[in-house]
Amino acid sequence: MYGRLLNLASSALVAEEFKQESLNFWEEPYQEASKWTPCADKRYPTSLGKPGENNGYIMVSANGGLNQQRVAICNAVAVASLLNATLVLPKFLYSNVWKDPSQFGDIYQEDYFMRMLKDDVHIVQELPLHLKSLDIEAIGSLITDADIVKEAKPIDYIRTVLPLLMKNKVVHFLGFGNRLGFDPFPPELQRLRCKCDFHALKFVPKIQEVGSLLIKRIRKFKYHAAERQLDKQLLGDFTPSISSKENYVERGSSRYLALHLRFEEDMAAYSQCDFGGGEHEKKELEAYREVHFPLLIERLKNSKPVSPAELRKLGKCPLTPEEAALVLAALGFKRGTYIYLAGSRIYGGSSRMHPFTNLYPNLVTKETLLTYNELAPFRNFSSQLAALDFIACATSDVFAMTDSGSQLSSLVSGFRTYYGDGHAPTLRPNKKRLAAIFSENSTIGWTTFEDRVRKMIEEGQRVRVRGSGRSIYRQPRCPECMCRLLP
């Protein structure tokens, strides 16, 4: 789609190969970022604590993949506290999309989770015997997404759910997707969500161990000596370190960029955009929509069509691999940059990735870094594989996303903000502005292209306090979640 710009980028990378980097996107550009520190796990005089009276039990069956389930867990903890209820350890629904039978204990440390939150909310592994025999649906205690509005407020749960809970002593949230808003919300419950996400949810040792091995392989040598909060929180006892008794030889750059390229077939099909693949691509994506997105098809039949060109102009199209490569080149990342690609199931496969790897050949995935046997325990468990990507992205020196709306990108960027100590930069494009820049691809000069892309990314890196209604998991800089150091 951008042959001319790709040629300009290639020439620019060759010219810059032996020059010192003029702009350093490996570092946070604003010192203000280091003034915010984690403190959601600290107790305050106003902390709620566990209520004396318990109104019943809350069961949650979370849908989606790893990251949607993570949000559901934290929201469930907040709702249990809000309703003075005991939370039964959440279950995960099997999805025909994700095809993963993993449950909570396959991904997260159950005992640690319960112990970390023991002063805030009652949590048990199972319902008591006298409630297990109840037909939850028959007594009216089954609550689906149809019963709770999106971004519901606390009052919605008090009015709708609390009477059922007090009457039947148990409610079951089936699905429990995006059903809890962020504002207005009591500060202590907001803090509890942060405590759950950033402190209570630790990956099981099996995932931590292979995640640690993955990081060592990415960095091409044992590790850097400085221990970071990011590494410790994600890898636990498997956090790599350098022993003074061992002689490690650095065989390559110790730093790497992690890229979440949200360009899988489902994303491409759902977007209804044109990615330059002609009639074959159009028919292929139409067929995928017919099978996997029937509700979208029905909605499209009853709405005014929007052209692919207009969708792209509005910033509604996912970035292609070649667009992502052009952004990185414009930011000054050199050809030899070591890049970890999260996900790796790119729509169009290697042919679609060719423009990217032509500019940046040092591209690796978990599949290329780990052996068949090392990956075998995770092979049929997409959420556990996603946990490895989460670790590799969160602990990277710089994290680049192409779609700020994806759960992985949102949660990883929030994790880096919370634990990064002001030294974990995230590159977030404004797709609408980027679309305007790319629309001039046939005439724009490379210097102008660089300048506009860099300004766009720098704007997204400004240190902002979480705005009203914004996700606390993605933007934890707020008094309920982090503490700001005084000058």
Side-chain angles (χ1 to χ4, degrees), residues 1-19 22-23 25 257 259-265 267-269 271-286 307-339 341 343-365 400-403 427 429-457:
M1 293 173 68
Y2 306 102
R4 174 180 168 274
L5 277 177
L6 288 169
N7 287 332
L8 292 175
S10 181
S11 299
L13 289 180
V14 170
E16 294 293 322
E17 187 65 28
F18 300 104
K19 293 182 181 178
S22 56
L23 288 179
F25 283 93
L257 178 150
L259 171 67
H260 185 216
L261 185 55
R262 186 71 170 93
F263 195 69
E264 293 89 353
E265 188 171 12
M267 185 72 166
S271 71
Q272 306 156 64
C273 295
D274 178 6
F275 302 103
E279 196 63 27
H280 173 75
E281 176 191 276
K282 183 180 178 181
K283 290 180 178 179
E284 188 175 55
L285 294 181
E286 281 179 354
S307 70
E310 184 65 20
L311 288 170
R312 185 167 295 280
K313 185 178 179 181
L314 293 170
K316 301 292 185 181
C317 297
L319 265 62
T320 64
E322 62 180 315
E323 288 172 328
L326 286 168
V327 169
L328 294 181
L331 296 179
F333 287 99
K334 296 189 175 182
R335 177 176 167 80
T337 301
Y338 212 55
I339 299 176
L341 180 65
S344 74
R345 291 185 180 178
I346 302 301
Y347 173 59
S350 58
S351 61
R352 177 70 73 169
M353 285 298 298
H354 179 71
F356 191 105
T357 53
N358 189 46
L359 291 182
Y360 292 101
N362 290 335
L363 186 73
V364 294
T365 66
M401 64 177 76
T402 59
D403 181 19
L427 311 180
N430 180 317
K431 291 197 293 182
K432 189 173 182 179
R433 284 176 63 179
L434 193 56
I437 298 171
F438 278 126
S439 69
E440 302 174 30
N441 70 87
S442 61
T443 56
I444 194 170
W446 182 252
T447 301
T448 303
F449 180 77
E450 282 181 320
D451 185 56
R452 290 175 66 180
V453 169
R454 289 173 179 180
K455 285 180 179 177
M456 174 196 68
I457 294 296

Using the side-chain hydrogen bond (donor to acceptor under 3.5 Å, both in side chains) criterion, which residues pair with N7? Sequence neighbours excluded. none
Can you tell me how far the NZ atom of K282 sits from the CG atom of D274, to the nearest 0.5 Å? 9.0 Å
With a 3.5 Å distance limit and no angle check, can you tell me whether Y360 reaches the backbone of Y338 through a side-chain donor-acceptor pair? no
Supply the atom-to-atom distance F356 CZ to S350 OG, rounded to the nearest 0.5 angstrom. 14.5 Å
According to side-chain hydrogen bond (donor to acceptor under 3.5 Å, both in side chains), who are the partners of E284, at least two apart in sequence or on a separate chain? Y347
Any chance NZ of K316 has more than 12 other-residue heavy atoms, nucleotides or ligands included, within less than 6.0 Å? no
Kindly say whether K313 contributes a backbone atom to a donor-acceptor pair with the side chain of S439 at under 3.5 angstrom? no
To the nearest 0.5 angstrom, please state how far the CG atom of L259 sits from the CZ atom of F333. 10.5 Å
Separation of L427 CG from R454 CZ (nearest 0.5 Å): 12.0 Å
Run the side chain to side chain contact (heavy atoms under 4.5 Å, CB included) test on R452 and E440 for me, step by step, so that the C-alpha distance in whole Å, both residues' side-chain angles and the decisive distance to 0.1 Å come before the verdict. CA-CA 12 Å; R452 290 175 66 180; E440 302 174 30; 3.1 Å; yes
With distance as the sole test, does E281 use its side chain to make a donor-acceptor pair with the main-chain N or O of F275 at under 3.5 Å? yes
Between the CD atom in E264 and the CZ atom in R345, the distance rounded to the nearest 0.5 Å is 9.0 Å
Name all residues meeting the side-chain hydrogen bond (donor to acceptor under 3.5 Å, both in side chains) criterion together with E286; count only those two or more places apart in sequence or in a different chain, and write none if there are none. none
salt_bridge(K431, D403) N-O dist < 4.0 Å: yes
Return yes if some donor-acceptor pair links the side-chain N/O of N362 with the main-chain N/O of G336 below 3.5 Å, else return no. yes
Do you know which of L311, T320, L285 makes side-chain contact (heavy atoms from CB on, under 4.5 Å) with C273? L311
Would the distance check show the side chain of S271 and the main-chain N or O of P318 forming a donor-acceptor pair, the cut-off being under 3.5 Å? no
Ignoring hydrogens and geometry, is there a side-chain-to-backbone donor-acceptor pair from R4 to N441 under 3.5 Å? yes
Name all residues meeting the ring-ring contact (aromatic ring centres under 6.0 Å, His included) criterion together with Y2; count only those two or more places apart in sequence or in a different chain, and write none if there are none. F438
By side-chain hydrogen bond (donor to acceptor under 3.5 Å, both in side chains), which residues pair with R335, not counting sequence neighbours? none
Please determine whether a side-chain nitrogen of the Lys or Arg among E450 and K455 lies less than 4.0 Å from a carboxylate oxygen of the Asp or Glu. no
Gap between atom CG of L261 and atom OG1 of T402 - 0.5 Å precision: 5.0 Å
Which side-chain N or O atoms in residues 324-332 pair as donor and acceptor under 3.5 Å with protein atoms at least two apart or in another chain?
none

Any P321 side-chain heavy atom under 4.5 Å of H354 side chain: no
Side chain to side chain contact (heavy atoms under 4.5 Å, CB included), that's the test. Do L319 and F263 meet it? Break it down for me. CA-CA 7 Å; L319 265 62; F263 195 69; over 6 Å; no
Only one of T448, V453, L5 passes side-chain contact (heavy atoms from CB on, under 4.5 Å) with I437; say which it is. V453
